[in-house]
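Below is one structure, written out as structure tokens, with a few remarks after it.
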There are 2 protein chains.
Amino acid sequence: MGALDDCHYDVELENTMKIGCINLGLEENQQETSEIEDAVRVLLQGLGEDVNRDGIKKTPLRVAKALHHGTRGYKQSVKDIVQGALFPEAGLDNNQVVGHAGGSGGLVIVRDLDLFSYCESCLLPFQVKCHVGYVPCGQRVVGLSKLSRVADVFAKRLQDPQRLADEVCSALHHSIKPAGVAVVLQCHHIHFPTLESLFLDRRPEGLIKMVVSSGAGVFGEYDADIWKEFLCLLKLKKPMADKIRERNPANISWCPSSALSIVDYVNPNMVSAVGSILRSLGEDPSRQELVGTPARFVRWLMNFQNSNIEMKFNGFVSNKLETLKSNGEVKSNKKVHYELNIPFWSQCEHHLLPFHGVVHIGYFSNEEESQMKKSLFQSIVHFYGFKLQVQERLTRQIAETVAPLVGGDIMVVAEASHTCMISRGIEKCGSSTATVAVLGRFATDAGARASFLDSLPSTNDFHR
Amino acid sequence: MGALDDCHYDVELENTMKIGCINLGLEENQQETSEIEDAVRVLLQGLGEDVNRDGIKKTPLRVAKALHHGTRGYKQSVKDIVQGALFPEAGLDNNQVVGHAGGSGGLVIVRDLDLFSYCESCLLPFQVKCHVGYVPCGQRVVGLSKLSRVADVFAKRLQDPQRLADEVCSALHHSIKPAGVAVVLQCHHIHFPTLESLFLDRRPEGLIKMVVSSGAGVFGEYDADIWKEFLCLLKLKKPMADKIRERNPANISWCPSSALSIVDYVNPNMVSAVGSILRSLGEDPSRQELVGTPARFVRWLMNFQNSNIEMKFNGFVSNKLETLKSNGEVKSNKKVHYELNIPFWSQCEHHLLPFHGVVHIGYFSNEEESQMKKSLFQSIVHFYGFKLQVQERLTRQIAETVAPLVGGDIMVVAEASHTCMISRGIEKCGSSTATVAVLGRFATDAGARASFLDSLPSTNDFHR
């Protein structure tokens with residue numbers, strides 16, 4: 001069930017490059033890094049950026065390092081990881097007592113391992129909550145941390161969730177040689193809506209979620225009792241546990257990029273730059289699942305082309321701005337208004353990775369204006385979001401643009417989840433950021449600030 | 001407020017040893033490592049262990065690597081981390097608009113960074129949820145990931161929560177030179193009860209929790225509005241937020257080791273071995289806070305001395321065993337009984353780090369026996385817990401010991417949190433493990449297994 005053939009794994013297991021707990025991903029090839037840097041420069045130029053401006057001049061190096069770090073699994077060997085960590089352990093199977101649990105004892109489970117992987121369809125990182133179970137046999141057990149390390153070898157490649165689960169399962173089954181292995185992955189992929197889809201109000205909510213599983217040996221059939229017991233010990237919610245026990249159809253991609261139309265003109269230099277990145281990472285760009293990836297990535301990246309967006313928005317936004325500006329200045333008798341949870345999508349200019357979240361705007365206004373402002377605020381947020389950005393600047397730009405329309409008194413809070421915080425060296429999965437800008441009365445009136453902050457939602461619903 | 005003097009930090013910032021996102025903690029000194037290995041061998045011998053047996057013969061090397069990895073902060077330089085990551089960013093402070101938020105814009109916050117540190121009082125790792133806020137000025141912002149990296153430099157040392165908060169705060173304040181910095185740490189330390197305290201039924205619940213904070217610049221006073229706003233954006237629960245705004249008294253240790261009596265004889269060779277570990281890590285064992293640490297560590301470690309525990313328990317347990325054995329065999333008309341959430345503490349023999357959690361036992365028995373069994377089960381669990389162990393063996397040993405007392409039909413599930421999964425290379429904070437053993441009727445009756453598993457608590461209350 002999902003296990004690849006032995007021959008494939010013998011090669012995989014032999015695939016040598018020494019790793020240890022400390023020297024993971026170090027043997028970077030300078031040439032590979034500089035090839036990626038060149039390719040990233042092509043992408044930045046394609047976006048109409050000045051590759052020498054301060055914020056992005058080191059972006060090519062940062063992207064190259066992050067990609068090498070994030071795909072280091074291509075250079076790691078499962079055999080090296082597992083080899084020194086198989087420990088002899090007396091099992092129930094050589095005991096006089098009647099009955100055993102299929103091997104040296106019963107099921108062993110490691111739950112809730114936070115990993116991340118790279119989507120082979122769009123090249124963006126996705127989060128993985130990984131659960132592994134195995135039934136030891138032959139009187140040996142494996143060190144618990146190795147289940148995580150082996151899973152990570154395959155996560156740190158360009159992947160599809162189902163293949164990732166199958167590869168982790170097969171590698172553990174062939175290297176530990178237990179009675180059986182089960183792998184369950186809860187995967188989370190961000191949406192990347194286009195400006196057009198947002199204008200048509202097709203706003204995606206939350207994250208794309210997918211649960212996949214793979215089993216070998218005593219876990220070879222989903223209706224085996226051991227599968228039920230494993231899932232019970234994972235303590236997942238009932239509907240999810242039921243969903244796990246059916247295999248995901250191989251031909252349906254979970255990645256939102258698969259729905260992107262690539263009829264649009266796509267810059268061929270940028271496409272071939274992405275192809276050269278794939279080769280530098282050790283991938284074969286002609287592999288079936290990767291054939292369309294460079295064009296999809298470029299098509300998506302072009303959403304963040306500075307000039308392009310400005311052209312599209314200019315008429316729309318500036319008309320609205322003018323109307324409100326003239327209104328805003330004559331009105332009086334204003335009350336505090338809050339516009340909460342305005343979604344945004346943006347692109348971190350330091351790492352060329354998305355960050356997304358919500359913007360909250362507090363302002364003083366007449367009651368009857370606020371409906372009109374909501375859609376304008378959303379447009380302004382999208383306008384500044386769809387660029388190469390940093391969150392601090394995004395927050396300031398929104399504040400500075402909205403302030404004159406509402407008489408100058410404004411407070412903006414942006415809350416976001418940064419893909420770069422998850423997928424680079426620091427790998428901080430649960431972290432989120434908040435940035436604040438205040439102008440006018442909000443700058444001097446602590447009470448106004450406090451009452452706005454108190455009104456913010458207590459959970460970060462953009463986050464999960 | 002809590003900020004150390006400038007001079008100290010100039011030295012800290014200059015303290016050079018190149019690091020980058022990839023080559024952290026690599027420049028291990030072979031000699032330092034082998035000194036730690038020798039010291040660990042002394043500790044294992046002091047515990048009465050055979051240092052050549054399979055499970056532990058590589059433990060000295062594993063401990064040395066883990067300690068070097070976990071205290072790499074001594075060799076890292078904040079200046080190197082921050083230097084390349086200060087980005088020019090226009091701020092509201094040079095804008096025509098009235099009002100600003102104290103610098104280049106408003107507050108910037110990174111929430112929920114999962115770190116771990118080492119307790120200077122007992123040498124065990126503790127978990128840290130770190131929140132950092134700062135107000136940029138001078139028209140520059142720092143890359144968001146650097147807040148995490150700098151915090152980690154100080155976390156990866158022997159620490160006390162309040163000093164950790166102060167050091168992170170000062171280092172950020174001196175290296176970024178913002179209008180102000182605030183740091184809030186939610187720290188979690190495991191208990192390590194002694195066998196004696198457990199027998200007196202003084203069983204600790206959950207984890208020891210401590211919240212500390214530190215502020216500099218505009219965060220210099222806790223009653224400043226900016227502190228309230230920062231805490232509001234952290235979205236902590238109200239009582240916690242109130243607690244943060246008072247400084248922790250410096251003279252009260254949070255570590256449970258401070259309550260340990262060290263009147264008992266402590267092996268001087270083991271104490272001096274721990275002292276040599278401290279020196280190898282780059283610490284000064286005569287530093288005030290570390291003076292008692294080696295003796296405390298050894299005093300605690302001796303809880304896991306194999307023979308010692310067997311002596312203490314032997315009479316107690318075997319008497320009870322005999323009584324039940326003779327009873328157990330003649331009874332009939334048995335029903336399923338579950339004894340859930342029996343707490344245990346143990347010591348991972350691979351890493352010399354604690355793991356702790358709960359054991360659940362399912363068995364068939366006559367109604368009237370079950371009360372008596374509860375205390376016996378708890379004794380057996382402690383008996384096998386207080387040793388150098390692996391979770392798989394612990395589970396099997398409990399099953400094999402209890403089985404004959406209940407007529408042979410038994411299912412044991414152990415759920416645990418392993419300090420070694422948190423504090424070593426893989427740093428998987430949220431993960432937990434489960435191990436299962438089944439004997440007799442439970443081995444053949446899937447329905448009995450399922451109904452036992454269904455009765456397990458759905459949350460891991462040992463975990464947080």
Side-chain angles (χ1 to χ4, degrees), chain A residues 21-23 25-26 54-55 65 69 87-89 92 97-101 105-114 141 143-145 148-149 225 228-229 232-233 235 350 392-393 396 400 403 408 418 421 424-426 428 430-440 443 446 449-450 453 458, chain B residues 21-23 25-26 54-55 65 69 87-89 92 97-101 105-114 141 143-145 148-149 225 228-229 232-233 235 350 392-393 396 403 408 418 421 424-426 428 430-440 443-444 446 449-450 453 458:
Chain A
C21 71
I22 298 175
N23 61 346
L26 290 174
D54 260 326
K65 277 186 174 179
H69 176 78
F87 300 100
E89 197 59 52
L92 290 174
V97 188
V98 175
H100 58 78
L107 185 54
V108 174
I109 294 174
V110 177
R111 301 179 283 217
D112 294 320
L113 296 165
D114 285 317
V141 298
L144 293 171
S145 70
S148 175
R149 286 198 196 279
D225 291 323
K228 286 181 209 151
E229 291 159 22
C232 190
L233 282 164
K235 304 183 181 183
H350 298 155
E392 295 91 334
R393 190 189 309 148
R396 175 181 63 79
E400 289 182 343
H418 285 246
M421 292 288 276
R424 289 171 50 254
I426 65 165
K428 297 301 174 198
S431 79
S432 64
T433 56
T435 45
V436 182
V438 293
L439 290 171
R449 290 201 300 276
L453 290 172
S458 63
Chain B
C21 70
I22 298 176
N23 61 346
L26 289 175
D54 259 328
K65 278 186 171 178
H69 176 77
F87 300 100
E89 198 58 52
L92 292 174
V97 188
V98 175
H100 59 77
L107 186 54
V108 175
I109 294 174
V110 177
R111 301 178 284 219
D112 294 321
L113 296 165
D114 285 317
V141 297
L144 293 171
S145 70
S148 174
R149 284 197 199 280
D225 291 325
K228 286 180 208 150
E229 290 158 22
C232 190
L233 282 163
K235 304 184 181 182
H350 299 155
E392 295 90 333
R393 189 190 309 148
R396 176 180 63 79
H418 284 246
M421 291 290 276
R424 289 170 50 253
I426 66 167
K428 297 302 175 199
S431 78
S432 64
T433 56
T435 44
V436 182
V438 294
L439 290 172
T444 50
R449 290 200 300 275
L453 290 172
S458 63

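Hydrogens, waters and symmetry mates play no part in the numbers below; they use all other heavy atoms, side chains included. Remember, it's a predicted structure, so these values are computed and weren't measured experimentally. In the text below, chain A, chain B and the rest are named by the order of the sequence lines, each starting its count at 1.
- Inter-residue side-chain proximity for A/Arg449 and B/Asp225 is flagged as met; some heavy-atom pair is nearer than 4.5 Å.
- To the nearest 0.5 Å, atom OG of residue B/Ser432 and atom CZ of residue A/Arg111 are 3.5 Å apart.
- The shortest distance between side-chain heavy atoms of A/His418 and B/Leu144 falls below 4.5 Å.
- With chain A as the partner, the residue from B/Cys232, B/Ala450, B/Gly143, B/Ala446 showing the most heavy-atom pairs under 4.5 Å is B/Cys232.
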**Message:** Checking B/Leu453 against A/Leu233 for the side chain to side chain contact (heavy atoms under 4.5 Å, CB included) test, could you report, in this order, the C-alpha distance in whole Å, the side-chain angles of both residues, the deciding distance, and whether it holds?
**Reply:** CA-CA 7 Å; B/Leu453 290 172; A/Leu233 282 164; 3.9 Å; yes

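- Atom OG1 of B/Thr433 and atom CG of A/Asp112 lie 11.0 Å apart (nearest 0.5 Å).
- When the side-chain hydrogen bond (donor to acceptor under 3.5 Å, both in side chains) test is applied to A/Arg393, the partners found at least two apart in sequence or on another chain are A/Glu349, B/Glu89.
- Evaluation of the side-chain hydrogen bond (donor to acceptor under 3.5 Å, both in side chains) rule for B/Glu392 yields no partner, not counting sequence neighbours.
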